[in-house]
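Some notes on the structure that comes next.
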There are 2 protein chains.
Amino acid sequence: MPTVSSEELAAAAGVNSAKLRKDFSYLGSYGTRGVGYDVEYLVYQISRELGLTQDWPVVIVGIGNLGAALAGYGGFASRGFRVAGLIDADRAMTGKQVAGLTVRHTDELEPLIKESGVSIGVIATPAGAAQAVCNRLVEAGVTSILNFAPTVLNVPEGVDVRKVDLSIELQILAFHEQRKAGEEAELREAEAAAAGQGGKPAADAVARPAARKKRTGQGPDGDVPAVMPA
Amino acid sequence: MPTVSSEELAAAAGVNSAKLRKDFSYLGSYGTRGVGYDVEYLVYQISRELGLTQDWPVVIVGIGNLGAALAGYGGFASRGFRVAGLIDADRAMTGKQVAGLTVRHTDELEPLIKESGVSIGVIATPAGAAQAVCNRLVEAGVTSILNFAPTVLNVPEGVDVRKVDLSIELQILAFHEQRKAGEEAELREAEAAAAGQGGKPAADAVARPAARKKRTGQGPDGDVPAVMPA
DNA sequence: ATGCCTTTGTGAACGCGTGCACAAAGATGG
DNA sequence: CCATCTTTGTGCACGCGTTCACAAAGGCAT
Ligand SMILES: NC(=O)c1ccc[n+]([C@@H]2O[C@H](COP(=O)([O-])OP(=O)(O)OC[C@H]3O[C@@H](n4cnc5c(N)ncnc54)[C@H](O)[C@@H]3O)[C@@H](O)[C@H]2O)c1
Ligand SMILES: NC(=O)c1ccc[n+]([C@@H]2O[C@H](COP(=O)([O-])OP(=O)(O)OC[C@H]3O[C@@H](n4cnc5c(N)ncnc54)[C@H](O)[C@@H]3O)[C@@H](O)[C@H]2O)c1
């Protein structure tokens, strides 16, 4: 397939074709009217604009369960990311081989970053250590951080942080799951209500559709509230 | 602190206070004018609306490096998620203990889901197996999936999928990283150009600021294009 | 060379989320 | 019981991203 139309690409990606064309136009990618986009050239343009044509050395800090899994993940190398080093504070870990790389002690963090020209750091330490590690990374010259610890990191301007919080991912799923269940329950309730009922909560349910199952007063069940705080 | 104002909360979260109040109003959470929100009641309301007051059994499929790390992750339990079972296709894994749980063979997937009432599944298998695993999960009654494999999953309507793609997270960081570097380089170029130059690419750079370093024609360097496809 | 047909690139309109600003509510003190 | 002061809840306007729709461009057949 030497060429594709915006229509085909849009269908494959599940987006609107106009949006796709406009997005392409931002990076100056010229297609050919009446034909479409040259696949090879397009891929090259997007790769380059996304920074995929260059090699990005990254450092992983905190080689526990997660850090070790990340170190051995093949999906990074194929996208141009190279693990330049593994760092852990635990002396017992130092010198160990993980995914073919030697784990180095935290003391070596700064020289490693400077020697390898690392600008992207991955934090996989416990939450308590994350901010301190972050500070050292930034101080040493790292300007992009991928954070797996469940903490909000404070960084100076110019430094980008992306946080991957798996609990939140699950929470979002659970939220929609509950919503699905709630809607079904509501349908059943509505049917039951139609059959014969005399209360007044129906008016409330209509007036405020987003607030399902609003407790009147303070929850009748006296269970402890806070599951929320991390 | 028995009560908080929307202003305080907004400052802490780094958002606009009006937005925060409006969001709260959607879930019918009543504050008290002139005082603020009762912390305990608010936490309870949000927890309940988010589905955090109930226990969610989850099943993890694919107990490799990543799956094992997830199985042992304490952050799930504290948010109300309980690992109901670990599933792997590898017979050599079956029966092994991982994070205090016994790994079960794929054959036991359906009974496990039905017995435990699992509605959330986590896929940590290789990309090639993900769609097949997904199909089986959905067939068995799972309606929410957290997918770590780098594949787009096709699911019937009513099933939610969230994808965690670590490579893309890194790519986003790399993109901004490149942009930062590009801006610096452009400043230097502009200075150099001001000093004394005779080309014409400057006009292009002004006309289309989003398209930095646009190659005229097809890149002079004959390097292979495609780093992009997964 | 000419006309037709396909597909791009983009101006204009639409819709939605965000932020502003203020009236209403309620607590608190006199 | 009334006045004052704080803070909520929300109508309204603004801005941005998305989508529509179409003129211009270019290939291709005749
Ligand atoms: N395991 C998961 O699936 C998972 C999922 C989501 C989030 N997380 C988060 O990722 C982080 C790591 O999880 P884990 O399961 O790998 O934990 P872990 O305890 O297995 O590993 C943490 C590692 O960090 C090292 N460490 C501690 N302090 C350090 C410091 N100051 N500098 C360098 N290294 C240090 C420890 O020696 C240990 O090897 C945690 O914050 C956790 O909440 C983990
Ligand atoms: N390791 C990481 O840090 C990381 C990061 C991002 C994404 N991922 C993705 O997560 C997935 C797992 O990564 P990993 O490093 O743990 O790989 P892995 O090879 O260590 O583990 C994969 C596991 O899945 C099992 N498996 C294979 N087919 C199966 C099937 N049909 N049913 C059930 N189990 C099956 C295998 O037996 C193996 O135990 C991959 O798709 C990978 O691309 C991994």
Side-chain angles (χ1 to χ4, degrees), chain A residues 1-46 48-50 168 172 175-176 179 203-218, chain B residues 1-46 48-50 168 172 175-176 179 203-218:
Chain A
M1 204 172 190
T3 142
V4 271
S5 70
S6 63
E7 205 63 57
E8 292 169 299
L9 276 177
V15 297
N16 186 287
S17 67
K19 175 166 152 57
L20 193 140
R21 285 199 298 277
K22 189 159 282 187
D23 284 358
F24 280 4
S25 78
Y26 288 137
L27 51 88
S29 194
Y30 287 172
T32 309
R33 298 180 184 218
V35 178
Y37 297 88
D38 181 83
V39 173
E40 195 180 348
Y41 183 55
L42 183 65
V43 166
Y44 171 72
Q45 285 294 333
I46 296 178
R48 188 177 48 75
E49 191 69 21
L50 259 41
I168 286 190
I172 293 171
F175 173 70
H176 287 118
R179 238 180 148 69
D204 178 276
V206 172
R208 201 176 277 278
R212 62 189 72 265
K213 282 190 198 169
K214 185 171 69 170
R215 292 261 198 285
T216 51
Q218 35 161 299
Chain B
M1 202 172 191
T3 144
V4 272
S5 70
S6 62
E7 205 65 56
E8 293 168 301
L9 275 177
V15 298
N16 186 284
S17 68
K19 175 165 152 58
L20 193 140
R21 284 198 299 278
K22 190 161 287 187
D23 284 358
F24 280 4
S25 78
Y26 288 136
L27 50 89
S29 194
Y30 286 174
T32 310
R33 299 179 183 216
V35 177
Y37 298 88
D38 180 83
V39 172
E40 195 180 347
Y41 183 53
L42 182 65
V43 166
Y44 170 72
Q45 284 294 334
I46 296 179
R48 190 179 47 75
E49 189 70 22
L50 260 40
I168 285 189
I172 293 170
F175 173 71
H176 288 118
R179 237 180 148 72
D204 178 275
V206 171
R208 201 176 276 278
R212 61 190 73 267
K213 283 190 194 168
K214 185 170 71 172
R215 292 261 198 285
T216 51
Q218 36 159 300

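What you see is a predicted model; the values in this text were computed from it and never measured. The analysis underlying the following values was restricted to heavy atoms, covering all of them including side chains, and did not include hydrogens, waters or symmetry mates. Here is the naming used below: chain letters follow the sequence lines, and residue numbers restart at 1 for every chain.
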Could you state the interatomic distance from [atom1] ([X]) to [atom2] ([Y]), rounded to the nearest 0.5 Å?
X       : Y       : atom1 : atom2 : answer
A:Gln45 : A:Leu50 : CD    : CG    : 11.5 Å
B:Phe24 : B:Leu9  : CZ    : CG    : 5.5 Å
A:Tyr37 : A:Leu20 : OH    : CG    : 7.0 Å
A:Glu49 : A:Tyr26 : CD    : OH    : 13.5 Å

request  = Determine the contact category for B:Ser17: base if any of its heavy atoms lies under 4.0 Å from a base atom, sugar-phosphate if only primed atoms, P, OP1 or OP2 are that close, otherwise nothing.
outcome  =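 Result for B:Ser17 = nothing.
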Write down the distance between [atom1] ([X]) and [atom2] ([N]), rounded to a whole number of angstrom.
X       : N      : atom1 : atom2 : answer
A:Phe24 : C:dT8  : CZ    : P     : 10 Å
B:Leu20 : C:dG17 : CG    : P     : 17 Å
B:Tyr30 : C:dA24 : OH    : C1'   : 14 Å

Side chain to side chain, B:Val15 and B:Asp23, heavy atoms closer than 4.5 Å =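 Heavy-atom side-chain distance check fails, nothing below 4.5 Å.
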request  = Would you tell me if any nitrogen or oxygen in the side chain of B:Ser25 comes within less than 4.0 Å of OP1 or OP2 on D:dG9?
outcome  =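 No.
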Tabulate protein N/O versus nucleotide N/O from nucleotides 17-21 of chain D, keeping only pairs under 3.5 Å, one per line.
{"unit_1": "D:dT18", "atom_1": "OP1", "unit_2": "A:Lys19", "atom_2": "NZ", "d": "3.4"}
{"unit_1": "D:dT18", "atom_1": "OP2", "unit_2": "A:Lys19", "atom_2": "NZ", "d": "3.4"}
{"unit_1": "D:dT19", "atom_1": "O4", "unit_2": "A:Lys22", "atom_2": "NZ", "d": "3.0"}
{"unit_1": "D:dC20", "atom_1": "OP2", "unit_2": "A:Asn16", "atom_2": "ND2", "d": "3.0"}
{"unit_1": "D:dA21", "atom_1": "N6", "unit_2": "A:Arg21", "atom_2": "NH2", "d": "3.2"}

Pairs under 3.5 Å (N/O, protein and nucleotides 25-30 of chain D):
{"unit_1": "D:dA25", "atom_1": "O4'", "unit_2": "A:Arg33", "atom_2": "NH1", "d": "3.4"}

